[in-house]
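I have placed the structure first, in the form of structure tokens, so that the comments after it can refer back to it.
Here, residue 1 is the first one in the sequence, and each next residue gets the next number. All values below were derived from every heavy atom in this structure, side-chain atoms included, with hydrogens, water molecules and symmetry-related copies excluded.
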Amino acid sequence: MDEIEIPQYFICPISLQIMKDPVTAVTGITYDRESIEQWLKTAKDTICPVTKQLLPSSSCLTPNHTLRRLIQAWSTENASGGIDRVPTSKSPLCKSRLLKLIRELEVPGLYVNALKKLQVLAKDNSKFMEEAGVPKAMVLLLIRCCNQSKTIGVEQALRILYLTWTPSSEIKAAVNENHRIIDCLTWIQGCDIANPVVVKTLAMQVLKRVIEAANTRLLEKLKPEFMEEMLRVLKLKFSQQATKSALQILIQVCLWGRNRSKIVQASAMFELVELELEKPEKNITELIFNLLAHLCSCADGRAEFLSHAGSIAMVAKRILRVSPATDDQAVHILSLISKNAATKEVLSEMLRVGAVTKLCMVIQADCSTYLKQKAREVLRPHSNLWNNSPCIAVYLLTRYQR
């Protein structure tokens, strides 16, 4: 390879390597696209590296097709000498092309074809498409489909929105200015649509991002029907990802306004306990216990939790069996119950199903100091009732500090 003379005009002035995608700047100098774009992004003074003339960061870079073909032909001829063939580079995505496709989304006879083209482009140009306003266009299209009860194009629009989504101020503004997108994504869960598992799972993933981008005012205005639909997703269990997204959404929204009460009133406690009794995967269990702990912080939530015959037993069973995060939330739930709903029946139930035994084991296990202290705080107030019970091994009662 050292014996082959490389034409000087094949070399990028910045990288000093053979150019793969030569482009010419407004100053007339040709560079490799990757090198000059990186220069424009990071250089303190955006000047032409060769001429030292001002080179705006938004400067137009013109593909040098003739030079690229010459480099490709030369590299092919010298492949036997160790020269790597320069691949054919993709044409850069043009903003005017994107804007044309966005305009076609509003034309009934063109929008399906435009969606197909945008979906192909979204795989490799997500950042550029986000800057061109494609996510907002998808939000508006989905709202229009919902208003007209049409499902054609919904799957493609969801995919494009998912691929081009970033937590930018523009997308947050699009969500909060078009709050109907939440109703639309909820509507998708209940409608008859082709490829339902994939589409509804995708809608839940997008909805999770929408909820994360929504402002407080929007989250506080969520309807009871929204909570009911999220719980229906948990009950149907059509995909693990949808289940995970629904739990994450409920955890996010329960912190605002009266949403906690709305979730409880939708029979969330029963569904959550039933879901956990099926022994889901670790990450699902952690989310369930996180949500249960939030809901048990209110009186209605604790009442609903205790109305399920297997709730305390389920919590006790998971302690020291899943993860430290689950242990933390489980002990917190038992703490809330023992402090705020400590009737004789509840305390007897905690003893009978092994919750008290598990709390004693937490104190002796290799757990954090915080968790051990939390377990002691649950045990100490009711120790007189639990001390003489045959349900607890003697060594557990004599070894923990009081």
Side-chain angles (χ1 to χ4, degrees), residues 21 23 33-34 37 40-41 57-61 63 89-189 191 193-195 198-215 218 241 245 249:
D21 186 8
V23 292
R33 179 182 293 278
E34 183 178 351
E37 286 184 344
L40 293 173
K41 287 179 182 178
S57 58
S58 59
S59 176
C60 180
L61 301 173
S89 66
K90 297 179 181 179
S91 299
L93 185 59
C94 179
K95 188 172 183 178
S96 60
R97 183 187 178 194
L98 282 178
L99 294 176
K100 180 176 180 293
L101 290 172
I102 289 174
R103 287 194 296 271
E104 289 178 358
L105 293 174
E106 300 179 7
V107 182
L110 300 177
Y111 87 94
V112 173
N113 190 46
L115 279 171
K116 291 178 181 178
K117 293 178 180 178
L118 287 168
Q119 184 177 335
V120 173
L121 295 172
K123 295 177 182 177
D124 301 312
N125 303 279
S126 58
K127 179 61 179 175
F128 187 78
M129 293 178 74
E130 187 268 327
E131 293 172 353
V134 172
K136 183 176 181 180
M138 294 303 105
V139 168
L140 295 174
L141 177 61
L142 287 168
I143 292 173
R144 189 163 67 247
C145 288
C146 177
N147 291 339
Q148 299 173 357
S149 298
K150 293 182 179 179
T151 59
I152 299 175
V154 165
E155 181 176 354
Q156 289 88 347
L158 286 170
R159 288 190 183 281
I160 295 166
L161 183 54
Y162 185 78
L163 290 170
T164 58
W165 186 282
T166 60
S168 66
S169 57
E170 290 80 7
I171 287 186
K172 289 181 179 179
V175 167
N176 293 303
E177 291 170 5
N178 302 278
H179 56 86
R180 276 278 293 157
I181 185 61
I182 294 178
D183 294 333
C184 170
L185 294 169
T186 307
W187 163 76
I188 292 172
Q189 299 305 318
C191 69
I193 194 168
N195 205 8
V198 172
V199 175
K200 294 182 180 185
T201 298
L202 194 55
M204 288 300 301
Q205 292 175 306
V206 172
L207 180 56
K208 173 182 171 289
R209 294 183 175 186
V210 167
I211 291 297
E212 290 172 347
N215 58 31
L218 191 55
Q241 190 56 58
S245 295
I249 289 168

*Check the pair V175, I182 against side chain to side chain contact (heavy atoms under 4.5 Å, CB included), reporting the backbone distance first and the verdict last.*
CA-CA 9 Å; V175 167; I182 294 178; 5.6 Å; no
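- With sequence neighbours left out, K100 forms a salt bridge (Lys or Arg N to Asp or Glu O under 4.0 Å) with E104.
- Closest of all the heavy-atom pairs between L142 and C184 is O-SG, 3.0 Å.
- Minimum interatomic distance between P135 and L161 (heavy atoms only, all atoms of both residues): O-CD1, 3.7 Å.
- Of all heavy-atom pairs spanning L202 and E155, the tightest one is CD2-O, 4.1 Å.
- In this structure, CZ on R180 lies 9.5 Å from OG1 on T186, to the nearest 0.5 angstrom.
- The side chain to side chain contact (heavy atoms under 4.5 Å, CB included) with V134 is formed by just one residue from the set I102, L121, L99, L163; it is I102.
- Here the CG-CG distance, from L158 to L115, works out to 10.5 Å after rounding to the nearest 0.5 Å.
- The neighbour count for I152 CD1, taken as heavy atoms of other residues, nucleotides or ligands under 6.0 Å away, does not exceed 12.
- Using a 4.5 Å heavy-atom cutoff, the side chains of N147 and W187 are not in contact.
- Taking CZ of R159 as the start and NZ of K123 as the end, the distance is 8.5 Å to the nearest 0.5 Å.
- Interatomic distance, I188 CD1 to M204 CE, rounded to the nearest 0.5 Å: 11.0 Å.
- Nearest heavy atom pair, residue Q205 against residue Q241, reads NE2-CG, 3.0 Å.
- Contact check for L105 versus M138: side-chain heavy atoms found under the 4.5 Å cut-off.
- Between atom OG of residue S245 and atom CZ of residue R209 there is a gap of 9.5 Å, rounded to the nearest 0.5 Å.
- Counting non-hydrogen atoms of neighbouring residues, nucleotides and ligands closer than 6.0 angstrom, the NZ atom of K136 reaches no more than 12 such neighbours.
- For the pair V139 and A174, the tightest heavy-atom approach, listed with the atom from each and the gap, is CG1-O, 4.5 Å.
- Between atom CD1 of residue I160 and atom CG of residue L118 there is a gap of 5.0 Å, rounded to the nearest 0.5 Å.
- The two residues W165 and A213 make their nearest non-hydrogen contact at CZ2-CB, 3.9 Å.
- Judged as a salt bridge (Lys or Arg N to Asp or Glu O under 4.0 Å), and not counting sequence neighbours, the contacts of K208 are E212.
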